[in-house]
Amino acid sequence: MRNVRGMLLGPTLSVRRCGGQSFLLFVQQFLFLAGACHILIVMIKKPMTRRFLLNILPFALLGCCTCLFISCGSGKGTPEADVLVSDPSLVSGSGSLPLAVNAPPSSVFSTSYEYKQDARKLLVPSLNVASILGVPVTDLDTRNAITFGDFFREGVGQFSAFVMVNSSAGLASARFLRLESGKWVDRTPLVLTDTVGCQQATFAITADFNGDQRHDVMVTCKGSVVNGKEAQLLYLSDAKTGIYQKIALHDRNMTPYQFKAYQAAAADINADGLMDLVLVDPTQAPIVLLANKSLLSSDRSFDLVPSRVIDNAQNAMIPTQLHSVQLIPSAAKRLDLFLMGSLGNGRPSVWIKGSPDTVISNAQAGTFFYANSNYAMLFPITSMESYDVFYEAGFFYLNLQDPTQTMMRVAKISEATWGEVFPSMMLAVKNSDGVSAQFLKNSAGNIVVMDANCDPQSAAVIKNSFSRCALLVK
């Protein structure tokens with residue numbers, strides 16, 4: 001926001017910044033007023049008028065400064081309130097954010113996949129949460145529990161980040177970070193009060209789950225070795241305040257679902273206008289949760305519906321030990337399901353095209369996924385496991401990793417020939433710090449990791465070219 005005083009004084013803050021900065025502001029405004037009066041007096045030629053102005057000048061300056069001092073609240077008011085910024089790029093985190101109901105609109109998409117792909121506008125879809133928060137991050141899951149969106153309601157094309165940081169000393173912590181002057185800053189208190197997360201967060205996605213056309217977050221959790229499965233978490237935005245409400249995924253009876261979930265994808269599977277979910281848990285078949293309507297924007301219940309993804313037990317097409325999932329809208333105006341798991345049954349990655357067919361005995365709207373049919377296709381790479389996939393202009397791109405998750409490569413699969421495009425995009429590289437479960441083609445056309453505990457790609461290369469964070473494929 002620009003104001004007249006900013007045009008006169010240059011890149012400064014103007015009204016009501018209290019605390020330690022108030023004295024500097026007070027001196028600045030005093031000197032401005034004194035200088036303006038001096039120029040005015042010099043310009044006036046008549047001696048009588050100049051003598052009159054000189055006599056009243058001290059009283060005028062005293063009155064103006066008193067008003068300025070009062071407007072600042074004597075340095076004891078609410079910190080960082082109602083700040084007007086003449087050059088926002090020079091202010092890091094004023095705390096004055098458009099969270100009210102009249103905030104600019106956020107982007108709206110039909111799937112979590114599209115929300116993720118929108119973040120490709122970020123040249124670097126990664127951040128180093130350990131450095132930002134000043135806490136050690138040693139687990140392998142925090143890096144993947146990241147998603148981007150307009151969480152501070154700053155408008156279409158604006159991105160902030162959500163990360164759930166796991167802790168060896170207790171429960172994970174949910175953090176919302178804002179990009180300010182090119183740096184990620186923790187601004188969680190502005191939008192979330194209950195920061196307590198799950199036992200072990202594994203993944204995060206962005207979607208509009210409560211229908212307010214704002215960006216919500218869903219976090220998958222896998223529990224601990226000792227306690228096993230646990231509840232999955234939803235962070236729903238309040239339509240009026242912009243504050244997030246944490247709830248556990250639950251059924252109509254308010255009973256939380258317990259899973260050992262590794263990833264999730266969101267889309268309107270049954271065509272009722274609500275965001276549904278597909279979760280993957282390596283101990284069971286794909287989990288489909290269909291959302292129910294609610295009068296409250298702070299709540300959403302889900303029905304567990306096993307009949308949407310159908311496989312043949314005698315000739316299973318779905319991978320075993322599922323760990324990754326994606327729902328991608330196709331040109332045929334349907335949803336396609338991508339399931340990724342272990343090498344166990346020789347089918348680590350499968351594409352199941354959404355079928356227009358429904359269960360004949362109980363016809364239902366929306367998409368069904370038949371694994372044992374012409375709608376299902378096994379990806380032609382069976383020597384490595386896929387952890388992520390995106391589609392672009394007739395080609396699928398796979399994030400491939402070995403079972404030990406130390407080696408990583410990107411493969412490009414032609415939809416027309418259903419084979420890998422050679423020469424290969426990259427050979428498998430053994431990274432000293434493991435792999436990332438998410439990747440994106442950024443706005444510069446480079447494929448890079450999407451990671452919560454990474455230095456920017458250029459900085460990562462300088463530190464260690466054999467780091468997952470150093471990945472860059474053109």
Side-chain angles (χ1 to χ4, degrees), residues 112-113 116 140-141 143-145 200-205 218 220-223 225 228-229 232 257-267 269 277-289 304 306 308-328 335-354 368-373 375-391 396-411 413 418 420 428 434-439:
S112 58
Y113 171 82
K116 177 186 173 184
L140 302 181
D141 291 311
R143 65 183 66 171
N144 303 318
Q200 189 74 11
T202 52
F203 204 69
I205 59 174
M218 189 266 161
T220 58
C221 309
K222 70 177 184 181
V225 176
K229 301 176 180 180
Q232 313 300 301
Y257 289 109
Q258 300 278 328
F259 302 120
K260 190 178 181 67
Y262 277 46
Q263 283 191 22
I269 295 173
L277 286 162
V278 178
L279 284 72
V280 286
D281 175 336
T283 67
Q284 58 184 294
I287 301 160
V288 178
L289 296 171
L304 180 61
R308 289 278 167 170
V309 182
I310 303 164
D311 201 7
N312 187 323
Q314 277 66 45
N315 185 25
M317 185 74 168
I318 293 177
T320 57
Q321 298 179 335
L322 292 169
H323 51 60
S324 303
V325 62
Q326 196 61 266
L327 282 167
I328 301 180
L335 295 169
D336 289 351
L337 176 64
F338 297 81
L339 294 171
M340 296 155 273
S342 75
L343 304 177
N345 65 352
R347 304 175 184 273
S349 308
V350 63
W351 168 25
I352 308 176
K353 300 177 184 179
F368 283 74
F369 304 99
Y370 295 95
N372 287 100
S373 72
Y375 289 107
M377 299 179 68
L378 173 68
F379 275 93
I381 297 176
T382 58
S383 60
M384 299 185 78
E385 299 177 7
S386 300
Y387 276 78
D388 200 1
V389 58
F390 69 83
Y391 177 82
F396 291 98
Y397 295 80
L398 298 178
N399 174 356
L400 296 172
Q401 302 171 16
D402 69 317
T404 63
Q405 291 189 278
T406 58
M407 301 181 73
M408 183 176 179
R409 80 178 184 94
V410 177
I413 309 297
W418 204 236
E420 183 173 3
V435 294
S436 299
Q438 302 193 68
F439 71 161

Shortest non-hydrogen contact from [X] toward [Y]:
X	Y	answer
P348	I381	CG-O, 3.8 Å
F369	L335	CE2-O, 3.4 Å
L378	G346	CD2-O, 4.1 Å
P319	G341	CB-N, 3.7 Å
I205	A264	CG2-O, 3.4 Å
K229	Q258	O-OE1, 3.4 Å

* Yes or no on ring-ring contact (aromatic ring centres under 6.0 Å, His included) for F379 and F396, after CA distance, side-chain angles and deciding distance? -> CA-CA 10 Å; F379 275 93; F396 291 98; 5.7 Å; yes
* Which class fits the ring pair H323 and Y387: parallel under 30°, tilted 30 to 60°, perpendicular over 60°? ->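 Taking Y387 first and then H323, their aromatic rings lie parallel (interplane angle under 30°).
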* To do: Fit a plane to each ring of W351 and W418, take the angle between them on a 0 to 90° scale, and name the class: parallel (under 30°), tilted (30 to 60°) or perpendicular (over 60°).
  =>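 Rings of W351 and W418: tilted, as their planes differ by 30° to 60°.
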Close side-chain approach of [X] and [Y], heavy atoms under 4.5 Å:
X	Y	answer
T382	L343	no
Y113	L327	no
D141	K222	yes
Q438	N399	no
P282	L322	no
T202	N144	no
E385	P403	yes
I287	L304	yes

How many angstroms lie between atom [atom1] of [X] and atom [atom2] of [Y], to the nearest 0.5 angstrom?
X	Y	atom1	atom2	answer
I318	L339	CD1	CG	5.5 Å
D281	Q232	CG	CD	8.5 Å
S386	Q401	OG	CD	9.0 Å
R409	L400	CZ	CG	5.5 Å
Y262	M340	OH	CE	15.0 Å
L279	M218	CG	CE	4.5 Å

Hey, is the main chain of [Y] close enough, under 3.5 Å, to the side chain of [X] for a donor-acceptor pair?
X	Y	value
D336	I328	no
D402	M407	yes
N312	N372	no

* F259 and L289: CA distance, side-chain angles, deciding distance, side chain to side chain contact (heavy atoms under 4.5 Å, CB included) verdict -> CA-CA 12 Å; F259 302 120; L289 296 171; 4.2 Å; yes
* Before giving the answer on side-chain hydrogen bond (donor to acceptor under 3.5 Å, both in side chains), spell out for T220 and Q263 the whole-Å C-alpha distance, their side-chain angles and the decisive distance to 0.1 Å. => CA-CA 6 Å; T220 58; Q263 283 191 22; over 6 Å; no
